[in-house]
Visitor: 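A single structure is presented below for examination.
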Amino acid sequence: MSAPLLRLSNTRDHVLVVGDSRHTQRVLGTLSRSGAQIRLCCVAPSPALADLIVDHELDWQPRLITPQDVADASMVIATDTDAAINTVARNAARRAGRLFLDATTGRGDFELVESAARPAARDDPWQHAQVCLVGAGPGDPGLLTLDGQQALAGADVVLYDRLVAPALLDYAPAGAARRFVGKQRGDHAVRQRELNALMIEMAHGGHRVLRLKGGDPFVFGRGSEEMIALAEAGVATRVIPGVTAGSGCATYADIPLTHRGIASSCQFLTAHGRHGELEHDWRGLARRDQTLVIYMGVMALAHLAPRLTAHGMDPDTPAALIERGTTPEQRVLTGTIGSLPQIAARHTVTAPAVLIVGAVVALRDRMRAGAPLSGTIADHVATAERADRH
Ligand SMILES: C[S@@+](CC[C@H](N)C(=O)[O-])C[C@H]1O[C@@H](n2cnc3c(N)ncnc32)[C@H](O)[C@@H]1O
């Protein structure tokens with residue numbers, strides 16, 4: 001017969017916990033969230049348990065249990081790594097007619113089940129803001145933050161970009177105005193200056209204006225330009241970060257941006273600025289112990305690849321182009337910095353795409369299949385690992 005569940009929620013029960021193991025921490029966590037009165041008997045707590053005792057100000061007795069400990073409790077939970085200690089606790093509970101659970105085996109008179117967790121109360125993002133700049137993430141609606149969702153729920157107007165997942169607009173109230181203000185190359189739906197003026201006008205008109213931007217507002221997102229314009233107009237603005245495309249797309253493509261021994265730094269860059277192609281410290285970018293994450297990747301590839309190899313980057317350096325990352329249409333093309341331009345042309349990759357360059361790209365296969373790496377990519381990773389050991 002299975003043990004009945006004991007649901008703990010705001011219980012004031014006295015619970016005696018005995019022993020020390022990884023189960024102790026789980027049990028104490030569940031009990032302390034329920035508000036139970038806990039006494040812990042444990043002779044020599046591990047450092048992790050000692051921290052918990054201090055954090056939760058537990059009634060800790062550095063000894064084996066006594067008949068009085070058991071009498072004071074309505075239930076006893078044994079958690080020790082030593083089965084003999086748990087048996088002593090069970091026998092004492094039985095003698096005193098108390099409920100008993102051995103949390104290391106799950107056997108006893110009850111199971112410990114946490115009541116549905118209540119999320120912590122969050123500040124209203126609109127409390128001190130007339131405009132919220134919210135990062136929507138790179139495409140998957142699941143990557144919106146809780147603060148972003150809450151801000152959307154309180155918005156009067158949502159001004160959104162092209163790369164924002166349409167599903168996110170559903171978080172705004174039904175009566176909120178939704179307006180597309182995105183830009184496509186050569187087709188600026190609303191120019192930046194007009195957009196700033198629009199936000200200022202709406203905020204001064206008493207509307208809560210939510211500017212929903214792809215990725216993170218402060219990573220190649222002009223969020224700072226908008227915030228400066230709003231500040232100059234005396235509009236209180238809050239910015240809520242989002243998952244930037246470089247990070248979200250890499251992770252969804254199983255490419256770590258850093259990896260011990262292979263890449264100890266990561267640079268986010270774009271090859272194109274307001275006035276065309278940008279110049280960079282190409283020699284610095286060509287270093288092998290780092291990862292490059294290049295936004296506006298389709299345009300960047302043709303411009304960047306020859307410059308990087310001309311400045312010393314090994315043409316066999318692994319590279320990946322991630323198109324429409326984190327969406328159901330995500331496509332990942334991998335190759336090397338030498339071969340990827342031709343591969344991308346063959347597959348007619350279109351924006352949005354991020355380009356990732358570095359040995360970490362080769363870890364994708366290793367992480368996915370546990371398969372050994374092969375050919376020049378394996379050599380590249382092995383060299384990077386060797387270099388790190390010296
Ligand atoms: C103007 S930037 C905006 C970046 C954004 N603020 C961020 O933090 O991700 C647009 C570039 O972001 C990248 N991007 C955005 N969403 C993407 C996606 N779903 N897949 C691949 N790249 C994406 C592309 O490189 C695109 O050209």
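Index from 1, following the sequence. Read the numbers this way: they start at 1 and go in the same order the structure lists the ligands and their atoms.
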Visitor: What verdict does the side-chain hydrogen bond (donor to acceptor under 3.5 Å, both in side chains) test give for Thr24 and Thr79, after you've listed the backbone C-alpha separation in whole Å, the side-chain angles of each residue and the deciding distance to 0.1 Å?
Guide: CA-CA 5 Å; Thr24 319; Thr79 67; 2.8 Å; yes

Visitor: How far apart are the closest heavy atoms of Phe268 and Leu257, and which atoms are they?
Guide: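 Looks like CE1-CD1, 4.2 Å.
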
Visitor: For ligand 1, list every N/O pair with the protein closer than 3.5 Å, one pair per line with the distance.
Guide:
| unit_1 | atom_1 | unit_2 | atom_2 | d |
| --- | --- | --- | --- | --- |
| ligand 1 | 6 (N) | Gly214 | O | 3.1 |
| ligand 1 | 6 (N) | Asp216 | O | 2.9 |
| ligand 1 | 6 (N) | Val219 | O | 2.7 |
| ligand 1 | 8 (O) | Asp216 | N | 2.8 |
| ligand 1 | 8 (O) | Asp216 | O | 3.4 |
| ligand 1 | 8 (O) | Val219 | O | 3.4 |
| ligand 1 | 8 (O) | Thr244 | OG1 | 2.6 |
| ligand 1 | 9 (O) | Thr244 | OG1 | 3.3 |
| ligand 1 | 9 (O) | Ala245 | N | 2.8 |
| ligand 1 | 19 (N) | Pro138 | O | 2.7 |
| ligand 1 | 19 (N) | Gly325 | N | 3.4 |
| ligand 1 | 19 (N) | Gly325 | O | 3.0 |
| ligand 1 | 20 (N) | Gly325 | N | 2.8 |
| ligand 1 | 25 (O) | Met296 | N | 2.6 |
| ligand 1 | 25 (O) | Ala353 | O | 2.8 |
| ligand 1 | 27 (O) | Met296 | N | 3.4 |

Visitor: Please name the residue in the list Val298, Leu321, Ile322 that meets the side-chain contact (heavy atoms from CB on, under 4.5 Å) test with Leu355.
Guide: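 Output: one option passes, namely Leu321.
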
Visitor: For residues Leu99 and Ser74, determine if any side-chain heavy atom of one lies less than 4.5 Å from a side-chain heavy atom of the other.
Guide: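 Heavy-atom side-chain distance check fails, nothing below 4.5 Å.
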
Visitor: Can you check side-chain hydrogen bond (donor to acceptor under 3.5 Å, both in side chains) on Asp20 and Ser46, steps first, answer last?
Guide: CA-CA 7 Å; Asp20 186 3; Ser46 59; 3.2 Å; yes

Visitor: Can you tell if the side chain of Val354 reaches within under 4.5 Å of the side chain of Ile294, non-hydrogen atoms only?
Guide: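 Side chain of Val354 against side chain of Ile294, heavy atoms only: no contact under 4.5 Å found.
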
